[in-house]
Asks: 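Dropping the structure in here first, questions after.
Sequence lines set the chain letters: A, B, ... in the order given, protein chains first and strands last, and positions in each chain run from 1. Predicted, not measured: the structure shown is a model, and the values here were computed from it.
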Amino acid sequence: MDFKVENIEEIFSGEVIKKISNDEYLIKIQDKEHQLQILNINSNKMEFVLDNQFHSVRYIENQTAEMKIVLDGTSITINMHTHLDDIVYKNSGGAETGNAQLNLRSQIPGKVVSINVEEGSDVKQDDIICVLESMKMQVSIKSHKDGKIKSLKIKEGNSVNKNDVIAEIE
Amino acid sequence: MDFKVENIEEIFSGEVIKKISNDEYLIKIQDKEHQLQILNINSNKMEFVLDNQFHSVRYIENQTAEMKIVLDGTSITINMHTHLDDIVYKNSGGAETGNAQLNLRSQIPGKVVSINVEEGSDVKQDDIICVLESMKMQVSIKSHKDGKIKSLKIKEGNSVNKNDVIAEIE
Amino acid sequence: MIEKVLIANRGEIALRVIKTCKALGIKTVAVFSDEDRNSLHVKNATESYYIGEAAPAKSYLNQEKILDVMLSSGTDAVHPGYGFLSENDDFARLCEKNKINFIGPSADSMNLCGDKMRCKEAMLKAKVPTVPGSPDLTKDADDAEKIANDIGYPVMLKSVYGGGGRGIRIVNTDQELRDAYETVTAESIAAVGKSAIIVEKFLEKTRHIEYQMCRDNHGNAVHLFERECSIQRRNQKLIEQTPSPVVDEAKREEIGELVVKAAEAVDYTNLGTAEFLRADNGEFYFIEINARLQVEHPISEMVSGLDFVKLQLDIANGEPLPFKQSDLKMNGYAIECRINAEDTFLDFAPSTGPVPDVTIPSGPNVRCDTYLYPGCTVSPFYDSLMAKLCTWGQTFEESRLRMLNALNDFYIQGVDTSIPLYKTILKTDEYKNGQLSTDFLKRYDMINRLKEDIKNEIKEKQLPATAAAIMYSEFFHSKVQSSNGTNSNWKTNG
Amino acid sequence: MIEKVLIANRGEIALRVIKTCKALGIKTVAVFSDEDRNSLHVKNATESYYIGEAAPAKSYLNQEKILDVMLSSGTDAVHPGYGFLSENDDFARLCEKNKINFIGPSADSMNLCGDKMRCKEAMLKAKVPTVPGSPDLTKDADDAEKIANDIGYPVMLKSVYGGGGRGIRIVNTDQELRDAYETVTAESIAAVGKSAIIVEKFLEKTRHIEYQMCRDNHGNAVHLFERECSIQRRNQKLIEQTPSPVVDEAKREEIGELVVKAAEAVDYTNLGTAEFLRADNGEFYFIEINARLQVEHPISEMVSGLDFVKLQLDIANGEPLPFKQSDLKMNGYAIECRINAEDTFLDFAPSTGPVPDVTIPSGPNVRCDTYLYPGCTVSPFYDSLMAKLCTWGQTFEESRLRMLNALNDFYIQGVDTSIPLYKTILKTDEYKNGQLSTDFLKRYDMINRLKEDIKNEIKEKQLPATAAAIMYSEFFHSKVQSSNGTNSNWKTNG
């Protein structure tokens, strides 16, 4: 199995070599063997000792080829695959980025206090589309491009979550 | 239902009068009504507000007529019955107390470091039967009465738990 | 004598006040909104009362409702904390009228402090130097624009009712000024229900240095030393420390004397804070009085050895100060980091939601004031301060190292926090050398240095991270394939 | 310079040492037995090594094994904590031989301190007054009986290798002496593998007052003030405080000078403690030197502002003391309560087992050193100290009130603790007035007063306890009978 840790270039190969006892394993990472002892494990969390160093890991999110963990307090994303080199990362495509992107999304949660445009309005990049309030702060959500408001997905007084679509701009 | 709190003389009658909302109740204790709101509850623990005072209770042990709880950090035993006055407490009998008691029990957990008597030995009250070690302390277990060792229930080097029988003395 | 205190607040400051009251045997009354039903202040107070919906206007700003609770619960005093009603002189007056001891200055003094223009006049009269700016409240955006052009950009727009950095914008052009005028007005109205704006010259490379004021009802006044709060984002303090690296014993005394004059000029009683800008040339300019206990009071408690809430209660009870200025000695160095729920990389945008797990740092000379507990929720209705992490040391270096250690121990699951940023800041030479200014973050490119640090940290953890991933696959993907023998060779799947 | 420290210990003291090392950027190596696989010291150290079975002789007392770990892990220094190998001069010598910096006195000095007879001689030579007693080690029980009859009962039997109150018995008759001689021998052998017993006159109504000694490798010595540790059970300290209520500035200096002489008399280096008995007439008698960091060191840290572990590391690194006696000032009042796993009503018998839940107190000027966490286990293999709860105050009263508050907040599920006893003690006038003596518990009938307090506490909680019982029945016995309507009347079952 190959592993790639976040935005670090190197790709690591890794596997379990041997189960030494009920909770002890010999694993191999990049041709080097390491002793690993599990102190406790469930599907959300593992505590383990690797080469005499204690670590605690929380498994936050798991997909086939990507895993989000918190290791000793640090958030880390790991990509994994049998042969990682072959994969075209989903993030490397051009979909949903920059000018081509239809949806304007909110990057924060908050309550809509005002909407500054209507459906059909023409907008320029950085024009204020709406204002959200969260934690006593007023935050303006600005258009990510020049275009026309195709549809508005919010109402005044409603709450939006992070990543909710604010408007479609074409 | 009647309730008696540990060694306090008074017996309290108590019942739920009314469920006000999903988590609010009106209860009656000794003819006085009280508002009770549950913040969260499971079979081990409840957090509640009684007459605007917050309390946290852990249910440690429950039997039909007796309940052990920890209320706001204090351990309390509660006896309960439809009519508490009618009950003959199991503790008020003479069984297993004082001179009539057969079993010598250990009141502490520990490892048996030495046994000072044999089966058949005659012992006097306060004679040392055995010595236990726990938390680096040596503690002598003494006979609770004059008598003869009927049987010994321990071996040197073994561990005993709190309340384990050490010996039968008749 | 105060026997029962209602705390008209929530979060860590409510807990802070309860702590001292409990130790002194004073009963406490908590109030809570829908959002705070399961909050710790509700659980730790002697009594707790529900006062309304989550939105502050419906609960923590609802004077009538809070007054009802005070009267029905037999409360004899109220501690307002900071924010909410703490600097609302109408509320202070309402309490005075109802014979409830408001723990803070009198309504009149609070009104004077809150009215930044009249306060400034009082200071000028008392010969306390202030920042150049508009002589009066601005009438409207047009008026503000005119003043800005008179004193020259950059200028600062400031709601006189704002506080803690909210309702403040720095603007460089007429257009920016007009936009900001609207936002500041809206924020001020949302926060305290009213708005009035002044314009002031914006001084560059300034430090924010403030003094703890303390004055009893008999006219005895002292200062409890300074705090430097220069590390800010969006005009809100992030990291505070005391003593300030640019205040020596002589300067402390010199400005301290001004602070006592300032307190007298507005007839201030109880604890408060006099805020100053220190220009790069070493001059101090009075900016405003915060007529309340500050967020950052713990670091002053650490170096003075005093319990400020106890001191507030004693003063409110009419007792004379138990010390003179000459009795007070500063002991050691203290630092506070404000642990906010925010996304550093998204211009500090709020981050809210459930916190399934949290580890609170502790240890010798570490203090953490927080409302967090495993399973709690960070609400979007209230401000982003989740915890105040403070450390003390006999030297500044000791305090700094303890803080770094404590920041490493602090784990908050579920929301973004400012903890990584603070770790980066505390390790920089600029911070160690005390090269502080209110534009510290931008001046020293802290966000990019944070990015670099995070990258390096992940790099260091590559090996155990890979091991963690391997074991996860092993356990939760390939369990069926495994044999049970002790020495069997397992094959990884894939 | 020390870069990597092995901590030859477990529990709270291992965590305490790790904390300072971490802040200073020094790597730490933990060792653990089977029983401690999941202990916090294993998780917090940079590296952790398994060293054997639960029984101390098989692990924490296993010098060879620990040496192996030190050599293979590239450790350059060892911190022994207290107990275990901390006062074993063979171990200190083994470290010296292997060029590992033993953080403590030299093996020779430790040997001299540990040999209570030779130490006493050295003190007499240095004109430090000592307690009347046997001139030499006792040969056997017969010899001990003879000496006891010479100096008159009550006498104290004391293993010269004991420590922290273990291996000590007070006896009043020949028969008691003979029984105790055996027990003390056995306990000493179990704890440190050897035994040798002295007999001393037992002074009544004495106070236990000790001084923190501090001496560097260059002969500079100071004392870091006294601690009064008179509240004891079975000759083990329960509650400590500093300053002592019977030591004023002049007395502090007078005895402090003796302490410096004592340190010089045995060529002591690093931190240690000189223990004294103070007779009711005010006389101080030296009893022994504890050649290690004491359990109760945090309260001295609190009033001195020093980090003792850092100080130990600096001295071990050969640095000269950074202060003179005249630089040191005592600041405020500190109290420590030793939170033990024991049954107060069963003659303080050990209580062990799983701890499913625990709430650790915190707050301004509260410090809790502990190995507890929810889900941990209190092991029968090691001693009963689970936590050290310390509070500081500018006045004694402030410290006492904070302690009471913190004791109330402390919740440990699953084992009996000494917390209720401490709450009772701290509320008595005798404690408040400083009427302390080593027989405090018996003299003032504390156990019965505790019983009374518990009874009253339960009485006060009768109403909510009944409510809790009602709701339990409601929810878990009669659920099936209930209707779901919002306003329906529920019937209790019964």
Asks: With only heavy atoms counted, which part of Asn340(D) is less than 4.5 Å from chain B, the side chain, the backbone, both or neither?
Replies: neither
Asks: With a 4.5 angstrom heavy-atom cut-off, which part of Ile38(B) approaches chain D: side chain, backbone, both or neither?
Replies: side chain
Asks: Does Lys150(B) come within less than 4.0 Å of Glu119(B), counting only side-chain N to carboxylate O?
Replies: no
Asks: Distance-only check: which donor-acceptor pairs under 3.5 Å involve side-chain atoms of residues 126-135 of chain B, not counting sequence neighbours?
Replies:
{"from": "Asp127(B)", "atom 1": "OD2", "to": "Lys124(B)", "atom 2": "N", "distance (Å)": "2.9"}
{"from": "Glu133(B)", "atom 1": "OE1", "to": "Gln138(B)", "atom 2": "NE2", "distance (Å)": "3.2"}
{"from": "Ser134(B)", "atom 1": "OG", "to": "Pro109(B)", "atom 2": "O", "distance (Å)": "3.3"}

Asks: Given heavy-atom pairs under 4.5 angstrom as the criterion, report whether the side chain, backbone, both or neither of Asn42(B) touches chain D.
Replies: backbone
Asks: Do Pro350(D) and Glu342(D) have side chains that get closer than 4.5 Å, going by heavy atoms?
Replies: no
Asks: Students often mix this up, so state it plainly: with edges at 30° and 60°, are the rings of Tyr472(D) and Tyr59(B) parallel, tilted or perpendicular?
Replies: tilted
Asks: Residues in side chain to side chain contact (heavy atoms under 4.5 Å, CB included) with Ile29(B), at least two apart?
Replies: Phe12(B), Ile27(B), His34(B), Leu463(D), Thr466(D), Ala467(D), Ile470(D)
Asks: Establish, yes or no, whether the cationic atom of Arg234(D) lies under 6.0 Å from the six-membered ring centre of Phe348(D) and within 45° of the ring axis.
Replies: no
Asks: So which part of Ile458(D) gets closer than 4.5 Å to some heavy atom of chain B, the side chain, the backbone, both or neither?
Replies: both
Asks: Ring centres under 6.0 Å, that's the criterion: do Tyr60(D) and Tyr382(D) meet it?
Replies: yes
Asks: Report which part of Ser75(B) has an atom under 4.5 Å of a heavy atom belonging to chain D: side chain, backbone, both, or neither.
Replies: backbone
Asks: For Gln462(D), is it the side chain, the backbone, both, or neither that has a heavy atom closer than 4.5 Å to a heavy atom of chain B?
Replies: both
Asks: Met46(B), Gln53(B), Glu24(B), Lys32(B): which one forms the most heavy-atom pairs within less than 4.5 Å of chain D?
Replies: Met46(B)
Asks: Side chain, backbone, both or neither: which part of Lys111(B) has a non-hydrogen atom closer than 4.5 Å to chain D?
Replies: neither
Asks: Would you mind checking which part of Asn161(B) comes under 4.5 Å of any heavy atom in chain D, side chain (CB onward), backbone (N, CA, C, O), both or neither?
Replies: neither
Asks: Taking Ile60(B), Thr74(B), Val5(B), Ile76(B) one by one, which has the highest count of heavy-atom pairs under 4.5 Å against chain D?
Replies: Thr74(B)
Asks: Looking at Leu385(D), Asp347(D), Asp357(D), Asn408(D), which makes the most heavy-atom pairs under 4.5 Å with chain B?
Replies: Asp357(D)
Asks: Testing the basics here: between Ile166(B) and Arg105(B), what is the closest heavy-atom pair and its distance to 0.1 Å?
Replies: CG1-C, 4.0 Å
Asks: What residue, out of Ile41(B), Ile69(B), Val139(B), has the most heavy-atom pairs lying under 4.5 Å from chain D?
Replies: Ile41(B)
